[in-house]
**Q** 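Here it is, the structure, as structure tokens.
What you see below is based on every heavy atom in this structure, not just the backbone, and it leaves out hydrogens, waters and symmetry mates. Both counts, for ligands and for their atoms, begin at 1 and track the order of listing.
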Amino acid sequence: MTDAPAKGPDEKFCSECAAVISSRAEICPKCGVRQMAPPASISLGATTPNGKSRVSAAILAFFLGGLGVHKFYLGQVGWGVIYLLFCWTFIPSIVAFVEFILLLTMSDEYFNHRFGRS
Ligand SMILES: [Zn+2]
């Protein structure tokens, strides 16, 4: 039980050299490699150069997509107005739900490419 490298509750393995380091360490003291943040916080915190967030857009599409709010958020004001005008038909709600799925599943790179330019 004691011959394997022990990892305490507030420790983690370095992503580069697998040394046991503090879970709060940003840079491994052994090999000097910067530790990667958990994937969840990368995708949640990721924004395009003009401040758009893929996850925020997806959340808007899910809750307010029928009103085109995510379109306004993404700078596609013309589409936002169309969604607003036709919101009573519920068609925008259906389209927005599809867009919600697309926004959730698309890569940050693609999102940046498509919506990152203001
Ligand atoms: Zn290391």
Side-chain angles (χ1 to χ4, degrees):
M1 291 296 279
T2 52
D3 51 348
K7 185 166 74 74
D10 58 346
E11 288 176 320
K12 65 181 176 184
F13 294 111
C14 168
S15 60
E16 185 67 21
C17 68
V20 176
I21 58 177
S22 165
S23 61
R24 291 181 301 280
E26 271 191 49
I27 295 170
C28 172
K30 199 171 172 189
C31 67
V33 167
R34 181 172 289 275
Q35 303 300 298
M36 295 216 287
S41 75
I42 285 180
S43 66
L44 281 174
T47 52
T48 62
N50 59 5
K52 302 288 197 311
S53 154
R54 183 175 60 85
V55 174
S56 300
I59 291 169
L60 286 175
F62 184 79
F63 288 106
L64 299 163
L67 299 172
V69 172
H70 62 301
K71 289 294 189 187
F72 289 108
Y73 175 77
L74 292 171
Q76 299 176 321
V77 176
W79 276 111
V81 171
I82 291 171
Y83 278 47
L84 261 183
L85 287 176
F86 290 94
C87 65
W88 57 275
T89 65
F90 294 105
I91 293 171
S93 303
I94 297 163
V95 179
F97 185 74
V98 174
E99 288 175 320
F100 160 71
I101 305 281
L102 289 175
L103 282 165
L104 268 194
T105 53
M106 75 170 60
S107 69
D108 284 331
E109 289 75 25
Y110 181 75
F111 180 82
N112 282 7
H113 172 73
R114 196 153 166 210
F115 303 111
R117 298 155 298 176
S118 49

**Q** Report yes or no: do Leu102 and Ile94 belong to one cluster of Ile/Leu/Val/Met/Phe/Trp/Tyr joined by side chain heavy-atom distances under 4.5 Å?
**A**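 Result: no, two separate clusters.
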**Q** Does the ring center of His70 lie less than 6.0 Å from the ring center of Phe62?
**A**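 Aromatic pair excluded; centres sit 6.0 Å or further apart.
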**Q** With rounding to the nearest 0.5 Å, note down the distance linking NZ in Lys12 to NZ in Lys7.
**A**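 Output value for this atom pair is 10.5 Å.
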**Q** Please list, chain by chain and in numerical order, all residues satisfying side-chain contact (heavy atoms from CB on, under 4.5 Å) with Leu85, sequence neighbours excluded.
**A** Val81
**Q** With sequence neighbours excluded, tell me which residues meet salt bridge (charged side-chain N to carboxylate O under 4.0 Å, His left out) with Arg114.
**A**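 If we apply the salt bridge (charged side-chain N to carboxylate O under 4.0 Å, His left out) test to Arg114, skipping adjacent residues, there are no hits.
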**Q** Apply salt bridge (charged side-chain N to carboxylate O under 4.0 Å, His left out) to Glu26 and list each qualifying residue two or more places apart in sequence or on a separate chain.
**A** Arg34
**Q** Distances under 2.8 Å only: what protein N/O/S atoms are near the Zn ion (ligand 1), ordered by chain and residue?
**A**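 Listed by chain and number: Cys14 SG, Cys17 SG, Cys28 SG, Cys31 SG.
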